[in-house]
Amino acid sequence: MNKRPLKKDTSPTVIQTSAGGVAFRRGSSGIEIAVIKMLPELRWQLPKGIIDPGETPEIAALREVREEAGIDCELLEPLKVIEYWFSADRDGVWTTIHKFVHFFLMEYQSGDVADHDHEVAEARWVTPEEANEMLDFEAERNVVELAVKAAF
């Protein structure tokens, strides 16, 4: 049996830290949560993004929710930091990314989900049950569950 030695993975690894939120409001049908459909993947997720230099996770989370979901919120409490790994093409280099995302519970104050930025195909208000069906990532479904327990 001819065995080849395994090729060592030489792709660079980058650590990214992001922040986002479970933004909720009390609507006519009960509690609603803001979710977004990201471009170009067209997957449903919670609004979140990379923390800019000099920002705290709290400030970044509020900014990202405003940019991606079009709404201003009051930050109530931290929910969870999730961690995961993925690989992606970064400027022509296949890169391994170790990501940490700080999620916060947020209450809607003002704005319209139609006022989202160019990175988002659609933003909408959904019930927690609908969010559980729509969100593509299990970790984010778990964060929504934590938010529901914390807020209601």
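Positions are given from 1, in the same order as the sequence printed here.
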Heavy-atom side-chain proximity of Met38 to Val120 below 4.5 angstrom
yes
Pairwise side-chain contact, Phe24 with Val148, heavy-atom cut-off 4.5 Å (strictly under)
no
Short N-O contact, Arg25 and Glu32, less than 4.0 angstrom
yes
Atom pair NZ/CZ of Lys37 and Arg43 - distance to nearest 0.5 Å
12.5 Å
For the pair Trp44 and Glu130, evaluate side chain to side chain contact (heavy atoms under 4.5 Å, CB included) and give the outcome as yes or no after the intermediate values.
CA-CA 11 Å; Trp44 288 102; Glu130 290 169 323; over 6 Å; no
Heavy-atom check, side chain of Phe137 versus side chain of Tyr84, under 4.5 Å
no
Side-chain heavy atoms under 4.5 angstrom apart, residues restricted to Ile, Leu, Val, Met, Phe, Trp, Tyr: same cluster for Leu42 and Phe86?
no
What is the minimum heavy-atom distance between His116 and Ala123, and which atoms define it?
CD2-N, 3.9 Å
Taking all non-hydrogen atoms of both residues into account, name the closest pair between Ile71 and Gly111 and its distance.
CG2-C, 4.0 Å
If Ile, Leu, Val, Met, Phe, Trp and Tyr residues are connected whenever their side-chain heavy atoms lie under 4.5 Å apart, and connections chain through other members, are Leu135 and Leu105 in the same group?
yes
Indicate yes or no: at least one non-hydrogen side-chain atom of Trp94 is less than 4.5 angstrom from one of Asp89.
yes
State, to 0.1 Å, how close Ala19 and Ala60 come at their nearest heavy-atom pair, and which atoms those are.
CB-CB, 4.1 Å
So if you build clusters from Ile, Leu, Val, Met, Phe, Trp, Tyr with side-chain heavy-atom gaps below 4.5 Å, do Val143 and Met134 land together?
yes
Before accepting this row, confirm whether a basic side-chain N of the pair Glu145/Arg141 lies closer than 4.0 Å to the acidic partner's carboxylate O.
no
Kindly indicate, with the supporting measurements, whether the criterion side chain to side chain contact (heavy atoms under 4.5 Å, CB included) is fulfilled by Asp52 and Arg63.
CA-CA 10 Å; Asp52 289 339; Arg63 176 183 53 76; 3.4 Å; yes
Glu68 with Lys48: basic N within carboxylate O range, under 4.0 Å:
no
Between Arg90 and Val14, is a side chain to side chain contact (heavy atoms under 4.5 Å, CB included) present by the stated rule, with each step listed?
CA-CA 10 Å; Arg90 295 293 191 246; Val14 174; over 6 Å; no
Reported CD-to-SG distance for the pair Glu107 and Cys73, which is rounded to 0.5 angstrom:
8.5 Å
May I ask you to decide if the ring planes of His98 and Trp85 are parallel, tilted or perpendicular, using 30° and 60° as cut-offs?
parallel
Atom CG of Asn142 and atom CG of Asn132: how far apart are they, to the nearest 0.5 Å?
8.5 Å
Counting neighbours of NZ on Lys99 that are heavy atoms of other residues, nucleotides or ligands and sit closer than 6.0 Å, is the number greater than 12?
yes
Given side chain to side chain contact (heavy atoms under 4.5 Å, CB included), test Ile31 with Arg26 step by step and report yes or no.
CA-CA 5 Å; Ile31 297 301; Arg26 290 172 175 83; 3.4 Å; yes
So which atom in Leu39 and which in His118 form the shortest heavy-atom distance, rounded to 0.1 Å?
CD1-O, 3.4 Å
With hydrophobic residues grouped by side-chain heavy-atom distances under 4.5 Å, do Tyr108 and Val113 end up in a single group?
yes
Can you name the nearest heavy-atom pair linking Gly21 to Val65, along with the distance?
N-CG2, 3.8 Å
Could you give the distance from CG (Leu75) to CE (Met106), rounded to the nearest 0.5 Å?
5.0 Å
Rounding to 0.5 Å, atoms CD (Gln16) and CD1 (Ile51) come to a distance of 10.5 Å
Test side chain to side chain contact (heavy atoms under 4.5 Å, CB included) applied to Pro47 and Val22, Asp117, Ile36, the passing residue:
Ile36
Among Val126, Leu46, Val35, which residue meets the side chain to side chain contact (heavy atoms under 4.5 Å, CB included) test with Val144?
Leu46
Cluster question for you: counting only ILVMFWY and a side-chain heavy-atom cut-off of under 4.5 Å, with indirect links fine, are Val101 and Leu79 together?
yes
Does CD belonging to Glu138 count more than 12 external heavy atoms closer than 6.0 Å?
no
With no hydrogens and no angle check, is any side-chain donor or acceptor of Glu140 less than 3.5 Å from a backbone partner on Gln45?
no
